[in-house]
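What follows is a single structure, written as structure tokens, with notes after it.
Here, residue 1 is the first one in the sequence, and each next residue gets the next number.
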Amino acid sequence: MKLVSTIALAGVLAMTATPAIADGHGHKDHEPEVADDGIPGPEQDPYIWLEEARSEEALAWVRAENERTLAHMEADPRFEALKSAALAIYDSEDRVPYVSFRPDGLYNFWQDKENPKGLLRRTTLESYQTDEPEWETVLDVDALAAAEGKEWVYKGSTCLPPALNKCMIALSDGGEDATILREFDTSTKEFVEDGFVLDQKSQGGIQWADEDTMLVSRNFSEELQTESEYPFTTRIWARGTSIDEAEEIFRGERTDVSSGAYLLRDNEATVHARLAYRSVSFHETEYYTEKDGEWLRLDIPLKASPYGIVDGQILYSTDVDWEVGGETFPADSLVAMDLEEWKADPNGASKTLVWAPEERQTRRGGAITGNSLFVGMLDNVVGKVVQFDFEGGEWTSKEVDLPGNATVGIAASSSETDQIMFTVTDFLNPTTLYYSDGGTPVPLKQSPSRFDKTGMEVEQHEATSADGTKIPYFIVKPEGMEMDGTTATLMTGYGGFQVPRLPGYLGTTGKLWLENGGAYVLANLRGGGEFGPGWHQTAIRENKQRTWDDFIAVGQDLVDKGFTSPQHLGIQGGSQGGLLVGTAFTQRPDLFGGAIVQIPLFDMLRYHLIGRGASWIGEYGDPRIPEQREWIEGYSPYQKIVKGVDYPTPFLWASTADDRTHPAHARKGAARLKELGQPYWYYEDMTGGHSGGVDNEQRAKLQALQFVYLMQQLMDSNEGE
């Protein structure tokens with residue numbers, strides 16, 4: 001019998017206590033800070049009051065800005081058509097309903113015009129394989145919200161294995177990251193009367209130990225949350241008792257990003273160990289295992305972590321070179337140990353290399369089925385999936401037979417059987433869902449085409465960054481496009497937190513932008529994860545400017561090659577990508593004709609005080625430390641908006657309920673531009689979280705606002721040429 005666990009990353013707790021990448025939802029009001037350790041206070045920054053997310057004064061400012069922006073954008077004759085086109089895509093009944101495997105069926109969360117808040121529903125595999133599956137509603141979030149008078153947003157569930165019918169449902173009021181948790185029985189399709197309830201909204205989550213016991217990592221009080229506002233303690237909670245009386249089993253430090261304890265299980269729900277972690281920075285984590293009643297720290301690098309169990313072998317992954325007993329396991333590799341040997345001596349068990357990357361290869365996600373390990377790979381930004389098995393005392397591997405020259409991902413997998421699903425996509429071809437039950441994957445479903453790709457083509461090019469590094473980028477453009485610099489071009493990127501940006505079906509962008517004659521560019525920047533941990537680590541902290549240099553270099557290359565010109569080149573990015581766009585248009589205002597700065601980080605001298613900012617010090621540095629403040633001050637967009645510079649008119653947007661990057665960043669950027677008499681547009685979604693609108697209507701509105709803006713900035717200027 002093969003033993004399997006779910007992948008155990010730092011923060012395996014569902015609705016995890018691990019900090020999310022600068023990309024999420026919620027808010028916390030801050031009292032104005034005084035200047036300290038060189039950090040701007042009210043005397044230096046007149047807009048600190050905008051950091052109070054829901055103060056009457058701040059919301060009055062937001063409403064006035066929204067009215068101004070909506071009056072202008074909605075008056076554009078293209079607005080309604082763009083919104084309708086986007087909404088038709090979001091509400092379409094023929095899109096692929098992606099699922100997860102559970103013992104009682106395939107589960108899907110679905111939103112459409114009739115169900116804007118969504119339905120948790122299930123079907124059988126047999127029915128799912130038909131063109132029109134029969135769905136059974138398990139939880140109607142719209143009905144629940146209406147009954148309780150709340151703006152509930154479904155944030156997922158954590159269920160007790162192996163049956164997975166006892167679940168803690170996570171609900172957010174309005175889209176925040178912070179949630180409440182309630183026990184739900186998927187067999188009865190009802191919340192459990194007198195069941196487990198955590199009704200104080202919080203970061204963090206739970207993990208079931210058994211039907212009557214769970215591990216809870218939550219913000220139990222202000223004193224028991226980190227400076228990053230995540231939990232650093234875990235309690236064991238028994239049914240029928242108060243959470244306030246639950247025994248604490250693990251405690252990290254307030255200075256951690258987050259800390260917690262969790263269970264390492266196999267596919268039969270057998271617990272093999274109790275593990276814990278301390279995220280001492282965003283990218284560095286200490287791991288522990290309980291041994292003889294004590295917490296034993298695992299002797300692994302700070303950038304390595306437990307990965308899962310396959311066939312009696314426990315796996316670790318590492319993002320740095322790891323030297324053990326004279327052998328070096330390369331960064332990004334997978335390392336295995338015999339599970340029983342590991343349980344007897346966690347730090348002394350002998351280690352075997354499972355996989356190591358070749359040049360320009362990296363891992364990208366994985367899944368463990370009932371019999372195998374599947375790992376997604378990027379090979380020069382092209383996707384593939386490799387299957388690993390431990391047989392006869394050796395690891396074997398083979399590439400899964402999926403289409404090439406595409407972005408390939410693992411969509412769902414069963415921990416009990418060989419069932420697994422994959423996605424295959426690219427810029428111009430809708431995503432195809434493949435299914436396998438141990439054999440060659442076969443196409444199961446395909447998304448419909450959302451735009452006319454006729455006459456469009458994709459090319460890959462390289463730009464040379466300031467230090468000589470070659471930066472790849474993709475451009476989607478009309479075939480035979482005149483290289484005269486007149487094509488309106490939208491460029492995007494991310495370049496942070498080891499997150500890759502990959503080709504994927506453009507959907508609404510194709511319909512709203514490409515069909516209207518625009519070109520689209522995706523830049524693969526250092527700081528991201530396109531080429532593994534080294535690609536990320538070479539552009540963090542004191543070297544973060546390299547990310548901004550890479551993006552600017554791609555923009556300059558587009559102009560130099562005649563794809564576009566500055567007045568027709570627009571840039572767009574969200575969260576860390578919003579910071580990217582902010583640095584680009586403040587460092588090279590002459591290079592861009594427009595900039596969409598969405599849910600951004602923007603004031604980097606106070607970012608550690610705003611939202612979840614303190615959790616990202618490992619990526620950017622700590623502005624309270626003079627040497628590190630100097631790195632940050634060199635690029636912080638908010639401080640770079642100064643008199644006497646002609647900036648392209650940006651469109652900044654944020655969300656009131658964003659408790660991750662926080663709307664203060666975008667608000668303050670707009671306020672500074674207004675103070676200097678610089679043209680700008682600002683919009684704040686007052687109902688959604690970090691990613692914006694929580695229902696399809698609002699998502700479509702946000703899309704229409706952005707593409708009207710781009711057309712006005714980048715396309716309308718063609719009329720005079």
Check your understanding: Step by step, would you call Phe427 with Tyr505 a ring pair (Phe, Tyr, Trp, His ring centres under 6.0 Å)?
Key -> CA-CA 4 Å; Phe427 289 118; Tyr505 190 59; 9.9 Å; no
**Study point:** Main-chain N/O of Glu358 paired with Gln361 side-chain donor or acceptor, under 3.5 Å
**Key:** yes
Review point. Are Glu327 and Lys351 ion-paired here, with the side-chain N under 4.0 Å from a carboxylate O?
Key: no
Review point. With a 3.5 Å cut-off and no angle check, do the side chains of Gln572 and Tyr520 form a donor-acceptor pair?
Key: no
Review point. Are Lys291 and Trp295 in a cation-pi contact, defined as NZ or CZ under 6.0 Å from the six-membered ring centre and within 45° of the axis?
Key: no
Review point. What class does the angle between the rings of Tyr262 and Tyr277 fall in, given that below 30° is parallel, 30 to 60° is tilted and above 60° is perpendicular?
Key: tilted
Practice item. Could you pull out the closest heavy-atom pair between Ala406 and Val424, with the gap in Å? Key: CB-CG1, 3.7 Å
Exercise for review: May I ask you to establish whether Arg360 and Phe531 are in a cation-pi arrangement, using a distance under 6.0 Å from NZ or CZ to the six-membered ring centre and at most 45° from the ring axis?
Suggested key: yes
Review point. Within the side chain of Asn380, is there an N or O that forms a donor-acceptor pair under 3.5 Å with the backbone of Glu359?
Key: no
Check your understanding: Side-chain contact, heavy-atom cut-off 4.5 Å: Thr255 with Glu227?
Key -> yes
Practice item. With Arg254 as the cation and Phe232 as the aromatic partner, state whether NZ or CZ is under 6.0 Å from the six-membered ring centre and within 45° of the axis. Key: no
Check your understanding: Could you state the interatomic distance from CG (Leu601) to CD (Gln576), rounded to the nearest 0.5 Å?
Key -> 7.5 Å
Practice item. Check whether any side-chain heavy atom of Leu580 sits under 4.5 Å from a side-chain heavy atom of Leu525, and report yes or no. Key: yes
**Study point:** Nearest heavy-atom neighbours spanning Arg501 and Gly493
**Key:** NH1-O, 3.6 Å
Check your understanding: Out of curiosity, Thr352 OG1 to Leu334 CG, how far, rounded to the nearest 0.5 Å?
Key -> 12.5 Å
Practice item. Could you go through the side-chain hydrogen bond (donor to acceptor under 3.5 Å, both in side chains) check for Arg588 and Gln556 one step at a time? Key: CA-CA 10 Å; Arg588 284 294 308 276; Gln556 188 65 59; 3.1 Å; yes
Review point. Are Glu619 and His536 close enough that a side-chain donor and a side-chain acceptor fall under 3.5 Å?
Key: yes
Review point. OG/Ser281 to CG/Asp622 distance, rounded to the nearest 0.5 angstrom?
Key: 12.0 Å
Practice item. With the side chain counted from C-beta on, respond yes when Val554 and His461 share a heavy-atom pair under 4.5 Å apart, and no when they do not. Key: no
Review point. Hey, are Asp550 and Ser465 close enough side-chain-wise for a donor-acceptor pair under 3.5 Å?
Key: yes
Point to revise | Any side-chain donor near an acceptor of the partner, Thr538 and Arg546, under 3.5 Å | key: yes
Review point. Is there a side-chain contact between Met604 and Leu579 (heavy atoms, below 4.5 Å)?
Key: yes
Practice item. I would like to know whether Asp266 and His272 meet side-chain hydrogen bond (donor to acceptor under 3.5 Å, both in side chains); could you show each step before the answer? Key: CA-CA 7 Å; Asp266 64 31; His272 288 274; 2.8 Å; yes
Check your understanding: Is it true that the side chains of Tyr230 and Asp256 contain a donor and an acceptor less than 3.5 Å apart?
Key -> no
Study note, to complete from the structure: Shortest non-hydrogen pair, Thr423 vs Ala411, comes out as CG2-CB, 3.8 Å
**Study point:** Which atom of Thr440 lies closest to which atom of Asp401, heavy atoms considered
**Key:** CG2-OD2, 3.7 Å
Review point. So do Arg363 and Ser317 actually touch side chain to side chain, heavy atoms under 4.5 Å?
Key: yes
Point to revise | Side-chain donor/acceptor of Asp379 to backbone N/O of Val382, under 3.5 Å | key: no
Review point. With respect to Phe422, which candidate in Leu433, Val385, Thr432 satisfies the side chain to side chain contact (heavy atoms under 4.5 Å, CB included) definition?
Key: Val385
Check your understanding: Is there a donor in the side chain of Glu290 and an acceptor in the side chain of Tyr288, or the other way round, less than 3.5 Å apart?
Key -> no
Point to revise | Residue pair Thr431 / Thr425, side-chain donor-acceptor N/O under 3.5 Å | key: yes
Check your understanding: So, Ser414 and Thr417: side-chain donor and acceptor under 3.5 Å apart, yes or no?
Key -> yes
Exercise for review: Output yes when a side-chain donor or acceptor of Ser333 lies under 3.5 Å from a complementary backbone atom of Pro330, and no otherwise.
Suggested key: yes
Exercise for review: On the 0 to 90° scale, with breaks at 30° and 60°, tag the Trp616-Tyr607 ring pair as parallel, tilted or perpendicular.
Suggested key: parallel
Check your understanding: Can a salt bridge be assigned to the pair Arg526 and Asp467 using a cut-off of 4.0 Å between side-chain N and carboxylate O?
Key -> yes
**Study point:** Which atom of Ala261 lies closest to which atom of Ile249, heavy atoms considered
**Key:** CB-CD1, 4.2 Å
Exercise for review: Measure across Glu248 and Thr233 and return the closest heavy-atom pair with its distance rounded to 0.1 Å.
Suggested key: OE1-CG2, 3.7 Å
Exercise for review: Answer yes or no: is there a side-chain heavy-atom contact under 4.5 Å between Pro306 and Leu264?
Suggested key: no
Revision key, fill the gap. To the nearest 0.5 Å, atom CD1 of Ile471 lies from atom OG1 of Thr547 at 9.0 Å
**Study point:** Pair Asp389-Gln387, side-chain donor/acceptor within less than 3.5 Å
**Key:** yes
Exercise for review: Inspect the surroundings of CD in Glu630 and state if more than 12 heavy atoms from other residues, nucleotides or ligands are less than 6.0 Å away.
Suggested key: no
Review point. Any side-chain heavy atom of Asn524 sitting closer than 4.5 Å to one from Val381?
Key: yes
Review point. Does the Glu399 side chain pair with the main chain of Lys384, one donor and one acceptor, at a distance under 3.5 Å?
Key: no
Check your understanding: Looking only at atom types and distance, does a side-chain atom of Thr586 sit under 3.5 Å from a main-chain N or O of Gly582, one as donor and one as acceptor?
Key -> yes
Practice item. Report the distance from atom OG1 of Thr328 to atom CG of Leu353, rounding to the nearest 0.5 Å. Key: 11.0 Å
Review point. Distance only, no hydrogens: is a donor on one side chain within 3.5 Å (strictly under) of an acceptor on the other, for Lys303 and Thr318?
Key: no
**Study point:** Carboxylate-amine/guanidinium contact Arg278 Glu253, below 4.0 Å
**Key:** no
**Study point:** Donor on one side chain, acceptor on other, Glu633 and Ser636, under 3.5 Å
**Key:** no
Check your understanding: Just wondering, do Phe101 and Ile420 contact through their side chains at under 4.5 Å, heavy atoms?
Key -> no
Review point. Going from OG1 on Thr362 to CG on Asp332, what distance comes out if it is rounded to the nearest 0.5 angstrom?
Key: 3.5 Å
Check your understanding: Does CG belonging to Asn405 count more than 12 external heavy atoms closer than 6.0 Å?
Key -> no
Check your understanding: Would a distance-only check, ignoring hydrogens and angles, find a side-chain to backbone donor-acceptor pair under 3.5 Å from Trp208 to Thr158?
Key -> yes
Practice item. Show your reasoning for whether side-chain hydrogen bond (donor to acceptor under 3.5 Å, both in side chains) applies to Ser217 and Thr234. Key: CA-CA 4 Å; Ser217 298; Thr234 297; 2.5 Å; yes
Check your understanding: Is a side-chain donor or acceptor of Ser259 paired with a backbone partner of Arg251 at a separation under 3.5 angstrom?
Key -> no
**Study point:** Polar side-chain atom of Thr226 near backbone of Ser258 as donor-acceptor pair, under 3.5 Å
**Key:** no
**Study point:** Glu459, CD atom: more than 12 neighbouring heavy atoms under 6.0 Å
**Key:** yes
Review point. Taking 4.0 angstrom as the limit, do Glu229 and Arg612 come out as a salt bridge?
Key: yes
Review point. So, does Asp321 use its side chain to make a donor-acceptor pair with the main chain of Ala331 at under 3.5 Å?
Key: yes
